[in-house]
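Since the model is a prediction, treat every value here as computed from it, not as a measurement.
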Amino acid sequence: MIIGDNGVLIPMPAEALIAVAAPGSGSGFWAGGPSAVAADGGFYLAYRLRRPVGSGRGYAIGIAFARDGVHFGDPIAVITSGELDTESLERPELVQLPDGSWRLYLSCATTGTRHWRVEVTDAAHPSQFDVRSRDVVLAGDPRKRAVKDPVIQFHGGQWHMWATIHPLADPHETDQMTTEYATSPDGLDWTWQGTAISGRPGEWDSRGTRVTAVRLGTGGEGGAGGEGGTRRVTAYYDGRATAAENYEERTGIALGADPAALLATSSPGDGPAVSSPYSTGGLRYLDLVDLPDGRTRLYYEMAQPDGSHALVTELRD
């Protein structure tokens with residue numbers, strides 16, 4: 001297993017296998033934004049499919065199942081942008097609730113604006129989501145801020161969320177992003193606790209930071225009170241330095257003793273922890289699933305040689 005200087009698992013793009021291929025060739029055709037859960041003897045994977053701007057943008061969310069975590073085949077459910085009254089969809093968040101049922105959080109662009117909101121729907125099984133029954137759980141503010149791409153965990157008797165925030169007051173700055181942290185007793189009614197991470201002036205992540213995966217209180221990596229350990233949160237995040245790098249973010253790592261206060265691990269002048277070896281270098285929306293046998297399966301969206309993005313996976317010892 002390859003780990004960084006801080007003892008954190010680092011993706012190895014050369015070892016990755018394609019789990020969901022891009023829906024077309026060339027820039028703007030993307031499969032990615034994964035959210036994965038290990039259950040029922042395999043892996044459920046929710047993901048976003050996108051076409052170029054002007055050809056549909058984020059047009060569908062797929063949900064698929066694979067026993068090996070790689071060969072997903074046809075989705076067991078597809079939710080389209082037309083069903084949700086949205087101009088575009090981004091990364092979903094698939095969560096298994098404590099009672100064994102399922103919840104799906106959906107990032108929806110408000111048509112004709114730069115605003116994003118998050119809607120939610122519950123079901124007994126990932127194949128049974130009915131978006132005719134859904135609620136807005138994170139409304140944002142159409143004039144001030146967009147909210148999207150939540151990362152959600154149930155831990156220590158409460159729900160934790162890291163959500164991406166885009167400022168809307170200046171129409172030329174709406175690509176900027178920070179990640180804010182919130183808590184909830186039920187995963188529906190959220191209380192904001194503060195900005196978990198934001199861009200660092202002059203660095204590779206200066207334009208924006210979007211948390212995509214978190215290990216919260218898990219011992220050696222991100223553990224609280226573990227042997228010799230002082231940190232309890234390990235987070236993976238997407239970052240970019242310029243507006244031109246929008247859609248081609250790369251992956252960094254942040255640590256912290258407080259889920260509302262994460263610090264990037266890269267030193268001043270250093271680059272991201274990992275990027276794609278192809279095309280524009282985009283490697284983003286990393287998610288990970290820790291397995292009972294001690295291995296970890298990683299999923300992430302990675303730029304391909306033709307400029308498209310594929311959803312890829314690695315299994316690490």
Side-chain angles (χ1 to χ4, degrees), residues 1-20 32-47 63-72 91 93-100 102 126 151-162 211-238 251-259 262-263 265 272-274 283-302 310-317:
M1 179 172 68
I2 303 298
I3 57 177
D5 293 339
N6 294 284
V8 178
L9 187 66
I10 304 293
M12 298 175 62
E15 304 297 323
L17 302 173
I18 292 179
V20 181
S35 176
V37 179
D40 299 336
F43 297 80
Y44 290 100
L45 180 66
Y47 54 91
I63 302 174
F65 178 79
R67 294 206 176 275
D68 65 358
V70 180
H71 300 95
F72 284 91
R91 179 190 179 272
E93 176 76 337
L94 180 65
V95 176
Q96 188 170 30
L97 302 178
D99 67 1
W102 294 80
V151 173
I152 295 172
Q153 292 187 17
F154 182 74
H155 180 87
Q158 73 173 352
W159 291 91
H160 305 261
M161 177 178 69
W162 297 262
V211 167
T212 66
V214 177
R215 278 178 165 159
L216 182 60
T218 54
E221 287 190 36
E227 294 183 9
T230 58
R231 65 180 187 266
R232 70 183 294 265
V233 185
T234 302
Y236 295 82
Y237 72 96
D238 296 343
T251 295
I253 295 164
L255 305 176
D258 182 342
L262 304 174
L263 296 176
T265 60
V274 63
L283 192 158
R284 60 186 197 150
Y285 284 119
L286 184 144
D287 193 17
L288 49 82
V289 182
D290 291 320
L291 303 176
D293 63 6
R295 296 183 296 172
T296 299
R297 183 163 286 283
L298 286 69
Y299 294 94
Y300 49 93
E301 179 179 323
M302 186 172 74
L311 200 170
V312 303
T313 185
E314 307 173 35
L315 180 62
R316 305 287 287 279
D317 294 328

Partner residues of Pro292 under the side-chain contact (heavy atoms from CB on, under 4.5 Å) criterion, sequence neighbours left out
none
Measuring from Tyr44:OH to Ser35:OG, what's the distance to the nearest 0.5 Å?
14.0 Å
Show the numbers, then the answer: is there a side chain to side chain contact (heavy atoms under 4.5 Å, CB included) between Val8 and Thr265?
CA-CA 10 Å; Val8 178; Thr265 60; over 6 Å; no
Quick one: OH on Tyr300 to CG on Asp238, what's the gap to the nearest 0.5 Å?
13.0 Å
Within a strict 4.5 Å, meaning less than it, do heavy atoms of the Val214 and His160 side chains meet?
no
Heavy-atom nearest pair, Phe72 first then Phe43, reads CE2-O, 3.5 Å
Name the residue from Leu97, Leu94, Val95 that meets the side-chain contact (heavy atoms from CB on, under 4.5 Å) definition with Trp102.
Leu94
How many angstroms lie between CZ in Arg215 and CD in Gln153, if you round to the nearest 0.5 Å?
10.5 Å
Non-hydrogen atoms of Ala64 and Tyr47 that approach each other most closely
CB-CE2, 4.2 Å
At what distance, to the nearest 0.5 angstrom, does OH of Tyr236 lie from CG of Leu288?
5.5 Å
I need the single residue from Leu291, Leu9, Val289, Leu315 that forms a side-chain contact (heavy atoms from CB on, under 4.5 Å) with Thr296. Which is it?
Leu9
Among all residues two or more places apart in sequence or in another chain, which pass the salt bridge (charged side-chain N to carboxylate O under 4.0 Å, His left out) test with Asp99?
none
Results of salt bridge (charged side-chain N to carboxylate O under 4.0 Å, His left out) for Asp287 - residues two or more places apart only:
none
Note: Pro98 and Trp159 closest approach over all heavy atoms is CD-CZ2, 3.8 Å
Can you name the closest pair of heavy atoms from Leu311 and Pro34 and give their distance?
CD1-CB, 3.8 Å
Minimum-distance pair of heavy atoms, taken over all atoms of Arg316 and Ile10:
NH1-O, 2.9 Å
So which atom in Pro13 and which in Glu314 form the shortest heavy-atom distance, rounded to 0.1 Å?
N-OE2, 4.0 Å
Quick one: side-chain hydrogen bond (donor to acceptor under 3.5 Å, both in side chains) partners of Asp68, sequence neighbours excluded?
His71
Quick one: does Glu301's side chain have a donor or acceptor within less than 3.5 Å of a partner on Arg284's backbone?
no
By side-chain contact (heavy atoms from CB on, under 4.5 Å), Pro259 pairs with (sequence neighbours left out) Trp162, Tyr181, Leu216, Arg232, Val233
No-hydrogen, no-angle side-chain donor-acceptor test under 3.5 Å, Arg297 and Thr313
yes
The residue among Thr251, Ile253, Leu286 that forms side-chain contact (heavy atoms from CB on, under 4.5 Å) with Val274 is Thr251
Partners meeting salt bridge (charged side-chain N to carboxylate O under 4.0 Å, His left out) with Arg91 (sequence neighbours left out):
Glu93
